[in-house]
Amino acid sequence: MQRSFIAKNPSILIFLALLALFTLGVTVLSEGFGIGVISTSFVKTLGKTLCLCLIAVAMDLIWGFTGILSLGHFAFFGLGGYMIGMWLMYERTRMIVVDSLSQSEIPATQSEIVDAIGNQIFGVVGSSEFPLIWIFADSLFLQLLMVVLVPGLLALVFGWLAFRSRVTGVYLSILTQAMTLALALYLFQNDSGLRGNNGLSGLQNLPGVTASQDAVSMWFLWASAFALGAGYLLAAWVVSGKFGSVIKGIRDNEARVRFLGYSVEAYKLTVFTLTACIAAIAGALYYPQAGIINPAEIAPIASIYLAVWVAIGGRGRLYGAVIGAALVSLLSSWFTGGQAPDIPLGVYTIKWVDWWLVLLGLSFVLVTLFAPKGMGGLIDLWTDRRSPDRHGADLGPDAGALREQEAEQ
Amino acid sequence: MSTLLEVSGVSVTFDGFRAINNLSFSIGDAELRAVIGPNGAGKTTFMDIVTGKTKPDEGRVIWGEKSISLLKLSEAKIAQAGVGRKFQKPTVFEDQTVEENLTMALKKPRGWMAVLTYKPTASDRAKVVDLAKQIGLTDALERKSGELSHGQKQWLEIGMLLAQEPRLLLVDEPAAGMTPEEREHTTDILLEAAKTRAVVVVEHDMEFVRRLNCRVTVLHEGAVLAEGSLDHVTSNQDVIDVYLGR
Ligand SMILES: Nc1ncnc2c1ncn2[C@@H]1O[C@H](COP(=O)(O)OP(=O)(O)OP(=O)(O)O)[C@@H](O)[C@H]1O
Ligand SMILES: [Mg+2]
């Protein structure tokens with residue numbers, strides 16, 4: 001009766017199928033590859049949303065399953081974005097520089113080219129020297145490695161220090177906020193080597209790619225969808241087996257897990273680092289779609305929003321995190337983008353741009369009070385009603401489960 | 001019979017209050033021992049010290065043939081060395097099934113990588129089923145342990161202890177809140193376990209202790225007041241004064 005973990009969790013297949021359907025639908029409706037119903041800028045919004053769903057999955061893993069309320073995962077997300085941004089900016093500038101220097105009569109030397117690139121990139125912060133952290137920026141491969149290595153290493157060191165001293169609960173959350181704040185403040189400095197508050201820009205232009213943004217936006221949507229699918233699968237696998245049992249045990253009763261002989265600190269560190277890497281990959285896919293990254297993206301509040309999404313979506317269930325992130329971030333851009341109609345009340349007009357945060361805060365409070373399982377809990381209600389308790393018997397073929405879902409739609 | 005655990009001259013102070021006062025205690029390889037004493041005598045604190053939860057101010061805790069000091073080890077390492085513990089208040093993982101609870105406790109590598117790639121073998125599964133039978137939870141394997149009755153949770157916790165295959169079992173008030181039949185079953189499980197390992201049982205219920213039919217240690221104000229057979233200690237005047245006479 002040893003069944004694969006997917007067979008035991010039919011919700012994974014449902015999720016992947018819906019994700020594939022969504023991707024296919026957007027492709028067909030897009031300007032780049034389809035009938036042009038969805039604008040390219042909205043394709044980018046959707047692609048970015050998929051990345052936010054991915055970091056929400058990471059957040060659910062660390063908070064919903066392991067019980068560590070990290071309010072610092074957007075730092076890893078941002079770092080991932082910076083790492084890929086460095087290559088994008090370097091390489092694109094290099095091409096422009098090489099192109100313009102090739103017009104001159106004497107061929108430029110290697111160091112002249114590098115100097116010119118430095119001038120272009122760091123002119124805004126009054127410098128032209130390449131800081132040491134750009135040492136790998138000329139290699140896509142190495143810089144891609146940096147996407148996971150730098151945030152992963154930061155998480156490893158930070159987590160090791162925090163977990164080893166048994167910092168837990170609110171204190172740990174505050175510590176993660178402090179880490180995010182420190183990183184953001186550091187990046188704001190002009191001599192941080194990452195262009196201070198200018199950040200890195202022009203990231204939507206892939207070096208050497210002549211395809212239009214209509215096409216590039218779809219490539220990134222596909223890549224984001226793939227990453228979300230893979231990340232979801234990985235997270236579902238991690239929580240399905242004995243490892244999942246142990247981390248849920250840590251969430252519910254840390255001391256008991258210790259007395260079973262598990263090193264709680266090692267497990268926390270593993271999950272913290274793993275989720276930091278997932279967050280970094282999500283960020284590395286997000287910022288080329290956003291086009292720009294600056295230190296404001298790493299502001300402590302961003303990580304708090306992340307926790308709000310996961311709480312509203314329902315922590316402790318991966319699809320809940322995805323639903324929460326997708327819904328809240330899309331609604332947020334709708335309300336704050338000025339698209340939501342204002343509500344005139346005679347004496348006062350409710351402008352959603354101002355009132356959206358109040359609405360979000362209110363829904364957060366309401367969900368915490370009245371639906372602690374979040375929106376994912378609604379799916380529970382629905383499945384409980386639909387499927388009678390089979391007392392552990394086989395749930396039937398997964399294909400059947402899929403058809404059920406389709407019939408409902 | 002060689003000594004498995006030797007606690008000597010241990011003292012613990014909480015905010016100036018001496019909960020354990022120069023306590024010495026030792027137990028052999030395959031021995032059953034009951035520890036009794038009034039509320040606040042330091043019974044639970046004694047277990048906290050052995051399992052590494054509380055570090056004593058002074059004293060030694062020596063373990064096994066190699067005479068390792070447990071004071072330097074973390075809780076997890078002490079558990080891996082072979083000390084299993086059942087808490088006064090039943091603590092099982094309520095959000096998980098009986099099977100998952102038992103599987104987590106099975107004696108298997110504890111490192112995160114081994115656990116991540118762990119697949120239960122046929123013999124692991126058989127062990128879990130066997131344990132479930134021993135603790136009377138065969139039909140409940142698939143149920144969330146939070147749904148179990150108080151007594152069943154106590155057993156599940158004992159089952160998890162046995163699954164760890166510890167060399168020393170520390171059991172804090174296992175029969176609390178159990179019906180007489182459940183108590184009897186618990187006695188049987190403990191007696192069976194003590195055939196192959198050391199078992200320390202803390203219990204208030206004298207009837208229960210009598211059925212264990214073993215050596216008894218009486219704790220009072222953090223120190224040993226008397227030790228010997230149940231009849232021996234119950235006829236001790238000090239014990240009658242501080243504990244039985246009340
Ligand atoms: N962490 C702690 N901080 C302060 N005092 C403590 C702590 N743990 C135990 N004590 C005190 O130490 C004394 C011994 O407590 P302990 O729990 O070991 O008693 P016990 O023998 O297990 O009692 P019971 O039969 O009620 O379970 C008590 O007076 C208790 O209040
Ligand atoms: Mg006690």
Side-chain angles (χ1 to χ4, degrees), chain A residues 1-5 8 61 64-67 156 159 163-166 234-274 315-317 372-373 389-395, chain B residues 47-48 50-53 74-87 89-97 99-122 124-125 139-143 145-146 157 160-161 163-166 170:
Chain A
M1 55 169 262
Q2 183 151 1
R3 291 178 301 158
S4 81
F5 90 98
K8 274 187 272 180
L61 209 51
F65 286 91
T66 321
L156 196 68
F163 299 137
R164 193 187 52 134
S165 355
R166 300 218 174 151
L234 175 72
W237 176 70
V238 164
V239 301
S240 71
K242 186 149 118 179
F243 190 90
S245 277
V246 174
I247 60 175
K248 281 184 268 179
I250 291 174
R251 173 191 68 193
D252 296 337
N253 191 342
E254 183 174 317
R256 184 74 183 89
V257 177
R258 271 196 197 104
F259 291 120
L260 279 178
Y262 293 97
S263 164
V264 167
E265 288 66 40
Y267 281 79
K268 284 183 175 177
L269 192 55
T270 305
V271 180
F272 193 71
T273 309
L274 172 71
R315 64 202 150 106
R317 55 204 76 226
K373 286 180 174 177
D389 189 0
R390 276 169 250 206
H391 297 288
D394 268 6
L395 286 166
Chain B
M47 292 194 172
D48 287 345
V50 175
T51 52
K53 189 179 177 199
S74 67
E75 292 101 313
K77 284 274 182 296
I78 291 175
Q80 285 171 18
V83 179
R85 171 172 190 183
K86 189 205 156 301
F87 289 83
K89 186 170 154 272
T91 43
V92 295
F93 299 106
E94 311 223 337
D95 191 36
Q96 306 195 39
T97 64
E99 186 175 1
E100 283 166 333
N101 269 283
L102 289 172
T103 309
M104 214 192 307
L106 276 185
K107 187 175 181 183
K108 284 274 159 182
R110 287 327 199 202
W112 65 270
M113 270 188 272
V115 168
L116 194 54
T117 53
Y118 168 82
K119 275 211 163 57
T121 62
D124 293 349
R125 239 185 281 261
D139 295 331
L141 270 177
E142 302 278 333
R143 281 175 62 196
S145 65
E157 205 180 349
M160 288 167 74
L161 267 185
Q164 276 178 268
E165 299 177 28
L170 302 171

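Given the structure is predicted, the values throughout are model-derived calculations rather than measurements. Chain letters run A, B, ... following the sequence lines, proteins first, then strands; residues in each count from 1.
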Matching residue for A:Phe259 among B:Lys86, B:Glu75, B:Met160 - test: side-chain contact (heavy atoms from CB on, under 4.5 Å):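 Answer after filtering B:Lys86, B:Glu75, B:Met160: B:Glu75.
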Partner residues of A:Phe163 under the ring-ring contact (aromatic ring centres under 6.0 Å, His included) criterion, sequence neighbours left out: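 For A:Phe163 the ring-ring contact (aromatic ring centres under 6.0 Å, His included) partners, ignoring immediate neighbours, are A:Phe272.
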Spacing of CH2 belonging to B:Trp112 relative to CG belonging to A:Leu274, to within rounding of 0.5 Å: 8.5 Å
B:Lys107 side, atom NZ; A:Leu260 side, atom CG - distance, nearest 0.5 Å: 14.0 Å
Flag, side chain of [X] to backbone of [Y], donor-acceptor distance under 3.5 Å:
| X | Y | result |
| --- | --- | --- |
| B:Gln96 | A:Ser245 | yes |
| A:Arg258 | B:Ala79 | no |
| A:Arg256 | B:Thr91 | yes |

Smallest separation among heavy atoms of B:Ala76 and A:Tyr262, with atom names: CB-O, 3.4 Å
Residue pair B:Tyr118 / A:Phe243, side-chain heavy-atom distance below 4.5 Å: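 No - every pair of side-chain heavy atoms lies 4.5 Å or more apart.
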Which of B:Glu157, B:Lys77, B:Lys108 touches chain A most, by non-hydrogen pairs under 4.5 Å: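 If we count pairs closer than 4.5 Å to chain A, B:Glu157 comes out on top.
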Most contacts with chain A, counted as non-hydrogen pairs under 4.5 angstrom, among B:Glu100, B:Gln164, B:Arg85: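 The candidate making the most pairs under 4.5 Å is B:Gln164.
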Interchain contact, A:Val257 with chain B, by part (heavy-atom threshold 4.5 Å): both
Heavy-atom proximity to chain B below 4.5 Å, by part of A:Asp252: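 Just the side chain, heavy atoms under 4.5 Å.
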A:Asn253 vs B:Phe87, side-chain contact (heavy atoms from CB on, under 4.5 Å): CA-CA, chis, key distance, verdict: CA-CA 12 Å; A:Asn253 191 342; B:Phe87 289 83; over 6 Å; no
